[in-house]
Amino acid sequence: MNVRHFLSLMDMTPDELRSLIRRASELKELRQRGVLYEPLKNRVLGMIFEKSSTRTRLSFEAGMIQLGGQAIFLSPRDTQLGRGEPLPDSARVISRMLDAVMIRTFAHATLKNFAAHSQVPVINGLSDDLHPCQLLADMQTFHEHRGSIQGKTVAWVGDGNNMCNTFAQAAEQFDFQLRVACPEGFEPNAFYLQQAKGRVTITHDPREAVEGAHLVSTDVWASMGQEDEAEARIAKFKGFQVSPKMMDAADSSALFMHCLPAHRGEEVSVEMMDDPRAVVWDQAENRLHAQKALLEMLVEHAYPA
């Protein structure tokens, strides 16, 4: 069995990523036309959730079923993972019974450790470091609305969190320039900035980042696990809210994205979510299609013909 994991965008070549985006749009069209397509019949995806989820669980579970397979929800509360079984032991057992595993967790090291002992593909459904599946959907959404993102400018406004880290990787893999606007002390991880090979510019002025940008994206100011910092962060992020007025500084063709859930009135103004430039609902739907393309690639190709 040829096992391949997807823990970050760097696990694929730029050509493979572009192919995935094209395939996601093809699968989307098949679904819109009501075509039954089940290449993963009798395949089973295990989904391990240490963090709560709406879009990740729905898209992976529905996607696997639509591809003819099944998905099993696994919570640490309901398995030996939550009772002290060593992670390598769990990985060895779980991967012998499934065809792929998706993990949504805190420490990125958890994903690496599990994958190192897994016999089947492991997919990063989100970690504190990275959210590559979301970026697949983001890149698909931009491509469907505006064509290739190569050579374009993307503005990230807000916290230098896992989404921002992944945008830095995307800048390298999809060949665009990324401007990150964040308060001092909230910059993205230096490791991921280095990976981007000079494609990322850091500023503490949101307008400077947004000026002339072709895509503007943001996320909540306090991610899961940072709830106790929420009030303090709101004060520190004053002036970093994306609004129609801020978007007016971007390119006339600019799109606005948010990975959701959105805290309207905080990182994004209430009216921005319904602005014609916002494509957040297409972006959310494309999680389904992008992940179906990913599952098709990793699971179907993991077995010899």
Side-chain angles (χ1 to χ4, degrees), residues 1-24 26-27 37-51 53 55-74 79 81 87-105 107-127 129-137 139-140 162 166 169-170 173 286-305:
M1 189 185 297
N2 181 25
V3 179
R4 192 170 184 189
H5 306 299
F6 185 67
L7 307 186
S8 89
L9 292 178
M10 310 310 285
D11 289 332
M12 294 190 180
T13 67
D15 283 344
E16 287 174 327
L17 289 170
R18 286 190 289 269
S19 178
L20 265 181
I21 298 308
R22 290 193 298 270
R23 184 58 178 155
E26 291 171 359
L27 292 174
Y37 177 68
E38 298 183 329
L40 301 188
K41 197 170 183 65
N42 297 323
R43 305 299 186 200
V44 182
L45 170 72
M47 306 185 301
I48 299 174
F49 285 89
E50 292 185 342
K51 288 188 175 185
S53 169
R55 281 149 292 275
T56 297
R57 180 173 179 181
L58 278 173
S59 54
F60 270 107
E61 190 162 351
M64 197 65 187
I65 293 169
Q66 289 169 18
L67 291 172
Q70 297 289 330
I72 299 175
F73 176 84
L74 298 168
T79 65
L81 282 168
L87 190 66
D89 292 358
S90 289
R92 290 184 178 101
V93 172
I94 290 171
S95 67
R96 283 173 177 240
M97 300 184 186
L98 301 170
D99 299 287
V101 179
M102 185 281 298
I103 304 177
R104 185 174 171 92
T105 187
H108 195 72
T110 298
L111 285 159
K112 290 184 174 181
N113 193 6
F114 194 102
H117 297 90
S118 174
Q119 294 185 12
V120 299
V122 175
I123 298 170
N124 179 2
L126 178 141
S127 72
D129 278 19
L130 298 169
H131 198 359
C133 288
Q134 179 65 58
L135 259 292
L136 290 180
M139 295 298 97
Q140 178 189 351
N162 52 2
T166 316
Q169 289 190 331
Q173 295 291 70
N286 281 341
R287 287 290 304 278
L288 170 68
H289 310 298
Q291 285 159 196
K292 285 170 70 174
L294 179 64
L295 287 165
E296 179 187 44
M297 176 185 180
L298 293 180
V299 178
E300 186 178 32
H301 296 171
Y303 293 88

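Shown here are the side chain to side chain contact (heavy atoms under 4.5 Å, CB included) partners of L74, two or more places apart in sequence or in another chain: I48, I72, T79. Under the ring pair (Phe, Tyr, Trp, His ring centres under 6.0 Å) criterion, Y37 pairs with no residue at all, not counting sequence neighbours. Contacts of A293 classified as side chain to side chain contact (heavy atoms under 4.5 Å, CB included), with partners at least two apart in sequence or in another chain: L20, R23, A24, L27. T56 pairs by the side chain to side chain contact (heavy atoms under 4.5 Å, CB included) definition with F49, S53, F60, M102, R104, H131, R287, not counting sequence neighbours. Residues passing the side chain to side chain contact (heavy atoms under 4.5 Å, CB included) test with D15, sequence neighbours excluded: T13, R18.
Counting heavy atoms from C-beta on, the side chains of P132 and L7 never come closer than 4.5 Å.
To the nearest 0.5 Å, atom CZ of residue R55 and atom CG of residue N286 are 13.5 Å apart. Interatomic distance, L298 CG to H5 NE2, rounded to the nearest 0.5 Å: 9.5 Å. One distance of note links CD of E26 with CD1 of I21; it measures 11.5 Å at 0.5 Å rounding. Remark: L295 CG to M64 CE distance equals 6.0 Å, nearest 0.5 Å. Interatomic distance, OG1 of T166 versus CG of L136, reported as 10.0 Å (0.5 Å rounding). Rounding to the nearest 0.5 Å places CG of L40 at 12.5 Å from CD1 of I65.
By the 6.0 Å contact criterion, CE on M10 is enclosed, its count of non-hydrogen atoms from other residues, nucleotides or ligands being greater than 12.
Side-chain atoms of R4 come within 3.5 Å of backbone atoms of D11 as a donor-acceptor pair (strictly under, hydrogens ignored). The main-chain N or O of F114 is never found under 3.5 Å from a side-chain atom of S118 such that the two would form a donor-acceptor pair. Distance alone, capped at 3.5 Å, places no donor-acceptor pair between the N124 side chain and the F6 backbone. Of the possible donor and acceptor atoms, one in the side chain of Q173 sits under 3.5 Å from a partner among the backbone N and O of M12.
When every heavy atom of A115 is checked against every heavy atom of V122, the shortest pair comes out as CA-CG2, 3.9 Å. Closest approach of L288 and S59 over heavy atoms only: CD1-O, 3.5 Å. Closest non-hydrogen pair, Q119 versus S95, comes out as N-OG, 3.1 Å. Of all heavy-atom pairs spanning L294 and C133, the tightest one is CD2-SG, 4.0 Å. Scanning both residues, L130 and N162, for their nearest heavy atoms gives N-CB, 3.5 Å.
Counting only N and O atoms by type, the side chains of T105 and E50 include a donor and acceptor under 3.5 Å apart.
Sorted by first then second residue, the salt bridge (charged side-chain N to carboxylate O under 4.0 Å, His left out) pairs that include residues 63-74, not counting sequence neighbours, number zero.
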